[in-house]
Protein chains: 2
Amino acid sequence: MTAISNKVINRLTLYHCLLKYTCKGNSFIASSKIADLLDLDDSLVRKDIALCGVLGHKKQGYVVAELKKSIEQKLGFSDRKEVFIIGAGRLGTALIHYADFKDYGIDILALFDNNPNKIGKEEGGKRIISLEKLPNLISRINIKNIILTVPPYAAQEVTDYAVKYGVRFIWNFTPTVLKVPKSVTVYNENVISSFMQMQNSKNK
Amino acid sequence: MTAISNKVINRLTLYHCLLKYTCKGNSFIASSKIADLLDLDDSLVRKDIALCGVLGHKKQGYVVAELKKSIEQKLGFSDRKEVFIIGAGRLGTALIHYADFKDYGIDILALFDNNPNKIGKEEGGKRIISLEKLPNLISRINIKNIILTVPPYAAQEVTDYAVKYGVRFIWNFTPTVLKVPKSVTVYNENVISSFMQMQNSKNK
DNA sequence: CTCTTATTGTGATTTTTTTCACATAATACA
DNA sequence: TGTATTATGTGAAAAAAATCACAATAAGAG
């Protein structure tokens with residue numbers, strides 16, 4: 001199986017959301033319909049779908065249920081991915097309540113914070129644990145993924161800790177650029193960049 | 001001035017964050033340093049910087065303050081961009097507290113919700129206003145940008161409203177795909193897609 | 001049963017993006 | 001003052017992504 005690019009992953013995920021929410025009534029969907037809703041070229045949509053091994057039907061399009069399931073398999077939505085959230089501020093707690101995570105195999109086990117008033121409490125059914133216990137828990141449960149929602153000034157220090165104890169993927173919601181070894185992946189969820197990209201589409 | 005691609009915007013924003021937080025002590029920075037921190041090719045970094053009209057200095061690199069300011073100008077960080085947040089749930093209120101927005105010209109004027117218990121209250125110094133007042137306020141203040149943080153089932157309805165009264169850019173934090181006229185831009189901030197892209201980088 | 005039409009699947013082409021490679025030149029140091 | 005070094009700036013090449021174009025074909029109408 002050949003590697004699949006991030007651009008394709010992004011589009012397939014959007015197709016999946018479209019099937020899940022926007023077109024849930026229909027049993028068939030045409031590539032041109034998907035393309036239209038997402039402002040893409042329809043042949044690009046067909047090529048993406050072909051990567052999932054799904055065949056369409058002439059004059060009808062793709063079977064929605066089949067396509068949805070194939071995207072789930074291709075992107076591994078049902079593989080369980082255990083995650084810690086570090087930083088139980090507003091964003092961290094908003095994420096723990098994000099209902100769709102569990103549909104995509106993203107299993108948030110706990111939140112971590114260093115605020116004594118928060119430690120021990122629950123949020124969205126998950127415990128808020130002291131940051132001191134992070135290293136031990138990362139290595140014991142063998143956590144590979146963290147969501148970083150701490151204030152910018154704390155981001156690098158927490159990162160160093162997490163990496164030292166075995167974290168491999170850091171979903172960075174802070175506006176900082178993190179220094180990590182080459183073996184660690186940082187995904188920068190930079191909201192400023194998103195906004196600027198949105199504004200850039202003035203040329204329509 | 002030629003158009004600038006979303007990829008370039010994304011990288012320039014990250015360079016800016018890097019200069020702002022990670023390298024704030026230094027007066028010079030080399031393209032190879034930026035490239036290393038963001039796992040990019042250094043010539044790509046230099047080409048991005050060239051687009052901002054900044055010249056470097058042989059054997060020293062770029063002047064941090066100058067580069068930072070030029071990125072701000074190129075990407076229009078100081079242009080004021082007025083925004084409404086629709087949906088005063090956890091995510092909406094987390095975003096209103098996001099301190100960096102104002103540094104980038106993103107001015108959130110108010111939150112909207114249809115929950116009577118929230119209406120009239122304040123969050124992060126901004127009023128929570130009834131959704132009923134949205135159309136009037138969009139057209140009166142001439143709001144072009146909205147942040148959509150409503151539950152998925154409400155997303156399309158709110159979108160139709162907003163578009164009807166003049167909104168041009170929708171920053172969609174819901175997992176739905178929105179139907180909009182071609183003249184309206186939707187930026188899908190799809191967190192599932194981000195997570196999957198992060199996980200995809202296993203090939204390192 | 002035949003014809004029209006809508007839609008797929010994909011090879012070829014084009015466009016965009018990234019990487020490579022290296023001439024150029026300023027700095028620091030001996 | 002001269003030399004080695006280190007970083008820029010950018011053309012050329014390569015790689016990746018998107019678009020174009022169209023043959024194939026199944027569905028549905030009549």
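Bear in mind that the values here come from a model prediction, so they are computed numbers and not experimental data. Letters A, B, ... are given to chains in the order of the sequence lines, protein chains preceding strands, and every chain is numbered from 1.
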ask   = How long is the line joining OH of A:Tyr62 and P of C:dA6, in whole Å?
value = 17 Å
ask   = Just how far, in rounded Å, is P of C:dT8 from CD of A:Glu66?
value = 13 Å
ask   = Starting at CZ of A:Phe28 and ending at P of C:dT8, how long is that distance when rounded to a whole Å?
value = 11 Å
ask   = Is the backbone of A:Tyr104 close enough, under 3.5 Å, to the side chain of A:Lys81 for a donor and an acceptor to pair up by distance?
value = yes
task = Return no unless some side-chain N or O of A:Arg11 is found under 4.0 Å from OP1 or OP2 of D:dA18.
result = yes
query = Can you tell me how far P of C:dT18 sits from CG of B:Asp48, to the nearest Å?
reply = 8 Å
ask   = Reckon A:Leu55 touches a base, only the sugar-phosphate, or nothing at all at heavy-atom distances under 4.0 Å?
value = sugar-phosphate
request  = Would you please confirm or rule out a distance under 4.0 Å between OP1 or OP2 of D:dA18 and any side-chain N or O of A:Lys7?
outcome  = yes
key: N/O donor-acceptor pair under 3.5 Å between A:Asn190 side chain and A:Ser193 backbone   = yes
key: 4.5 Å side-chain heavy-atom contact, A:Val177 and B:Tyr21   = no
request  = Give A:Ala50 one of three labels, base, sugar-phosphate or nothing, depending on what nucleic acid heavy atoms sit under 4.0 Å from its own.
outcome  = nothing
request  = Using atom CD1 of A:Ile49 as one end and atom P of D:dA18 as the other, report the distance to the nearest whole Å.
outcome  = 15 Å
note = In this structure, CD1 of A:Ile4 is separated from CG of B:Asn200 (nearest 0.5 Å) by 7.0 Å
ask   = side chain to side chain donor-acceptor pair (under 3.5 Å) with A:Ser31: which residues, sequence neighbours excluded?
value = A:Arg46
request  = Report the C-alpha separation of A:Trp171 and A:Phe173 in whole Å, then their side-chain angles, then the decisive distance to 0.1 Å, and conclude whether the ring-ring contact (aromatic ring centres under 6.0 Å, His included) test is met.
outcome  = CA-CA 6 Å; A:Trp171 195 359; A:Phe173 281 80; 5.0 Å; yes
ask   = Rounding to a whole Å, what distance do you find between B:Ile34:CD1 and D:dG9:P?
value = 12 Å
message = With heavy-atom distances below 4.5 Å as the criterion, would you say the side chains of A:Ile192 and B:Ile106 are in contact?
response = yes
key: Distance, rounded to the nearest Å, where A:Leu67 contributes CG and C:dT7 contributes P   = 16 Å
ask   = Which letters describe nucleotides 20-30 of chain C, given B = protein heavy atom under 4.0 Å from base, S = only from sugar-phosphate, - = neither?
value = BB--BBBBS--
inquiry  = Please report the distance, rounded to the nearest Å, between CG in A:Asp42 and P in D:dA21.
reply    = 13 Å
